[in-house]
Amino acid sequence: MNDKYLSPYDPQSVEPQIYSEEEQSGLFNPDECVSAGHTESDAETYCIIMPPPNANGSLHAGHALFVTLQDIMIRYNRMQGKRTLWYPGADHAGFETWVVFEKKLQKEGRNRFEMDPKDLYNEILAFTMENKVFMEGQIKSLGASCDWSRLLFTLDDRVVKTVYDTFGSLNEEGLVYRGNRTVNWCPKHQTSLSNLEVSYEDRTDPFYYFQYGPFVIGTARPETKFGDKYVVMHPDDERYAEYKHGQQFELEWINGPITATVIKDEAGDPEMGSGVMTITPWHSDVDFKIAERHDLDFEQIIDWRGKLLPIAGEEFDGMNIKEARSKIVEKLDAKGLLVKIDEKYDHSVPVCYKCAREIEPQIRPQWFIKMQGLAEQAIKAVESGDTDIMSEQYEKTFKNWLAETPDWNVSRQILWGIPIPAKICVDCNHAEIDIENQLSQCSQCGGPVEQDPDTFDTWFSSGQWPYATLGYPDSQDFKDYYPTTVMETGADILTFWVSRMMMFGLHRTGQVPFEKVYLHGMVRDKKGLKMSKSKGNVIAPATMQDEFGTDALRMSLIVGNTMGSPMNLDPDKVRAYKKFANKLWNVARFVYSNTDGFDFESFDTTQLTADEQQLIDAWHETKTDIKSDMDEYRLYLAAEKLYHYVWHTFADEVIESTKEFTDPETRLITNDNKKYILLYTMGEFLRALHPFMPFVTSEIWKDYPKKDKKMLLVEKW
RNA sequence: GGGUGAUUAGCUCAGUUGGCUAGAGCGCUUCAUUGACGUUGAAGAGGUCACAAGUUCGAAUCCUGUAUUACCCACCA
């Protein structure tokens, strides 16, 4: 027996060695598996496209969970003899990286507005590349058996080309338009956000009532009221029956007398306040829609930095809106127009999900994708079963969201991303899509054109990831592996990402991008709370790996974690599986020390007694059971059953039953039947356990006395 | 406001299409063990499976209602 078994299992010394042996074997690449003869060239394929992690920081527990889940699926299916491809990637993560990078600049006392855009871009690129390498190292440390030779970055030329082609083909089908629309503008980040990137905060603020001509209007935002020259009420509100649609009247307002117009619109809610409101079409989506219906004027009151524009009058021009609010109230009060203030008005305020600053709705020309037809196709594909969302509780969310999703604003005003292939005319502002980058003058007025400074929403490019990675339309990978087998990702990005991949996949390739969707829940702390730096409850996977070993971390993330439900990570649980790794080590120590020199492959199994045969049959029953759990993605059950078998059946019963056959002198087992059972069964469960705990099983496998032994990675399960 | 889950041991959670005495990890009690094992093993305490009613030979599991709770979406002049 190898002396290494005399001391307890030490993950730190074993893991890097095992991973580098596996990686250097080249067998993470399915082509290598075929040419080395481990996989039949016509074998069924199995493919997972890795959700490309954001290359802007270190891995958190959620990454550890997805790497573990996918690696188990991949290793299991590879060991089933399938041609198995796990395609790794890295995401430039537009806005997310932008936010991280901006914080870094801030810390260094620098300001991006003072930097040359090219320098800025290059700095972010360098920053991202550095993080990308670091992140890949962490993924490797988790044991990911993905094919690094195919690694793709979301800003690689091949990806950009695919993204442009898709934008072009959407445009050809009339699904792209440029529109002046209300966007969710973050004054801090200087970009528009999608609806999904806006969160809401409950607040209690003062609510002001002002005299507006003959009416009383209520508002929580006096600072927008400068431009309000329309007063809206419900057509059926009898209190105001005397006022006709379009009727004009004079009134005294913030900066003197103005002329207001009465608008009758169903959006006016008679139950709300006085039933009368004034509107600010530029700075509210609801108001925008009313204004559109009645063809009203749009006036910008607040600039992109959150300051009042000249329309607010000399006194307020350039003033920050927060400061302006109280001053306006004071002024109106002085004029006798303040009716009352309700100090306790509860409402929810839209804020930027990154900086929590209030969203300022603004109007800005943006590129939009028409969603309705694309969404219908995606819904149909799920209903027909072409794509199976395995966690059924999310199927409804998926369909409901798609059925109601508005057109998608794909423009972002950030530098870090894929530039939108469009030109803007310097003279007439006309915007034109230019996929091939050939346009030199405006097709409308002949004036000079400039590149559209906006970039794509990162989900527009990552939504094309499955066919972009595989090299649509004519690469061999695309032919071999598309549609992919499983998309495994977090339930929280079902709408952000999975829905977009479905729509784009169907649009471009005519096929769904994946056959199954496995969604995992969020990893939380042991009390079920979301991990966050402010709560101080963040558990870094690297810490768990250092303390308990990667196999232990992997097991603890899997056992008891049902598909789609949140997962609570408790260090005590990881510790428990560290003990399990050591238990395996000691099982190996016992088996190897008792079977030195025993040739189990030449053993005549007919010598086994009925009771002994029973022990082997019991394993095979367990194995069959586990296999069906694996095939149906009940990984949590398979893991638990393996754990239970090794500890409570093999160690507690099989091993114990051999002890009466030991030589009193050497204290070794003398009975060949027992030796056979021990060796044979251990070989079986090492293989079965390998997808879950690749490191300790591989290390034990090195000493397994089998002829024509392969790496455990490519042994048959 | 709409939607989707959750509620099982002291704690954190499993429990597959309804089916033996409801399980795991950690914690707790007692005994044994230094001859595979950072110990481990044996035994044990601890559960009205949120509550109520129902379907069934049989319910933690299915139906209805109630309570509590979490998350997602929409949105409020």
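Chain letters run A, B, ... following the sequence lines, proteins first and then strands; every chain starts at 1.
Look at A/W647 and you'll find a side-chain N or O under 4.0 angstrom from OP1 or OP2 of B/G41. A/K396 has no side-chain polar atom (N or O) that falls below the 4.0 Å cut-off from OP1 or OP2 of B/G3. In this structure, A/K579 reaches the B/C26 phosphate: one of its side-chain N or O atoms is under 4.0 Å from OP1 or OP2. Taking side-chain N and O atoms only, A/K659 has no distance below 4.0 Å to OP1 or OP2 of B/G35.
For an aromatic pair to be called close, the ring centres must be under 6.0 Å apart, and A/Y704 with A/F600 satisfies this.
The CD-P distance, from A/E653 to B/U40, rounds to 18 Å in whole Å. In this entry the distance linking CE of A/M555 with P of B/C26 reads 13 Å, nearest Å. Whole-Å rounding puts the A/R575 CZ to B/A24 P distance at 20 Å. Rounded to whole Å, the distance from NZ on A/K573 to P on B/C26 is 12 Å. The separation between A/I558 atom CD1 and B/A14 atom P is 13 Å, rounded to whole Å. Following rounding to the nearest Å, A/E404 (CD) and B/A74 (P) show an atom-to-atom distance of 10 Å. Between the CG atom of A/D629 and the P atom of B/G15 there is a distance of 11 Å, given to the nearest Å.
Looking only at side-chain heavy atoms (C-beta outward), A/P235 and A/E266 come within less than 4.5 Å of each other.
Listed nucleotides B/A36, B/U16, B/G3 differ in distance to A/R634; the shortest reach to its side chain belongs to B/U16. Listed nucleotides: B/G25, B/A36, B/G3. Nearest to the side chain of A/Y643: B/G25. Comparing atom distances between the A/L637 side chain and each of B/A14, B/G41, B/A36 picks out B/A14 as nearest. In this structure, of B/C26, B/A36, B/A77, it is B/A77 that holds the atom nearest to the side chain of A/M277.
Ring geometry, A/F496 versus A/W459: the interplanar angle falls from 30° to 60°, so the pair is classed tilted. Classification of the A/F288-A/F298 ring pair by plane angle, with boundaries at 30° and 60°, yields tilted. Using the six-membered ring where Trp is involved, A/Y243 and A/F249 have ring planes that are tilted, between 30° and 60° apart.
Remark: A/E223 does not engage A/K322 in a salt bridge, criterion side-chain N to carboxylate O under 4.0 Å. Of the charged side-chain nitrogens involved, at least one lies within less than 4.0 Å of a carboxylate oxygen, so that A/K4 and A/E699 count as a salt-bridged pair. A salt bridge does not link A/E547 with A/K578: every distance from a Lys NZ or Arg NE/NH1/NH2 to an Asp or Glu carboxylate oxygen is 4.0 Å or more. The pair A/E360-A/R221 meets the salt-bridge criterion, with a side-chain N (NZ, NE, NH1 or NH2) lying under 4.0 Å from an Asp/Glu carboxylate O.
At the heavy-atom level, A/R589 lies under 4.0 Å from the strands shown only through sugar-phosphate atoms. The residue A/A491 sits apart from the nucleic acid: no heavy atom pair falls under 4.0 Å. A/Y394 comes within 4.0 angstrom of nothing in the nucleic acid, heavy atoms only. The residue A/V286 sits close only to the backbone: its heavy atoms come under 4.0 Å of sugar-phosphate atoms, none of a base. Using a 4.0 Å heavy-atom distance criterion, A/E656 is classed as a base contact. When heavy atoms are screened at a 4.0 angstrom cut-off, A/Y636 is found touching the sugar-phosphate backbone but no base atom. Residue A/D492 is classed as having no contact, given no heavy-atom separation below 4.0 Å to the nucleic acid. Residue contacts for A/I655: at a heavy-atom cut-off of 4.0 Å it reaches a base atom on one of the strands shown. Across all strands, A/K641 comes closer than 4.0 Å to base atoms (heavy-atom distances).
To the nearest whole angstrom, the two C1' atoms, one in B/G15 and one in B/G1, are 36 Å apart. Straight-line distance between the P atoms of B/G46 and B/G23: roughly 15 Å, to the nearest whole Å. Across the P atoms, B/U12 and B/A70 are found 14 Å apart, a figure rounded to whole Å. Comparing B/A14 with B/U7, their P atoms are spaced 7 Å from each other, to the whole Å. Remark: the separation of the C1' atoms in B/U17 and B/U21 is 23 Å, to the nearest Å. Across B/G10 and B/C49, the matching P atoms stand 13 Å from one another, rounded to whole Å. Atom C1' of B/G2 sits at a distance of 39 Å from the matching atom of B/G19, rounded to the whole Å. Nucleotides B/A50 and B/A59 have their P atoms positioned 15 Å apart, rounded to a whole Å.
With hydrogens and angles ignored, a donor-acceptor pair closer than 3.5 Å exists between the side chain of A/K583 and the base of B/C37.
Heavy-atom nearest nucleotides on RNA chain B were determined for A/G218 and for A/T397, and the one closer to the 5' end corresponds to A/T397. Each of A/T278 and A/P11 was matched to the nucleotide of RNA chain B holding its nearest heavy atom; the match closer to the 5' end belongs to A/P11.
By the 6.0 Å contact criterion, NZ on A/K702 is enclosed, its count of non-hydrogen atoms from other residues, nucleotides or ligands being greater than 12.
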Notebook entry, point to check: With Watson-Crick and G-U wobble geometry limited to distances under 3.5 Å, how should the secondary structure of RNA chain B be encoded in dot-bracket form, using | for bases paired to another strand and [ ] for crossing pairs?
Noted result: (((((((..((((.....[...)))).(((((.......))))).....(((.(..]....).))))))))))....
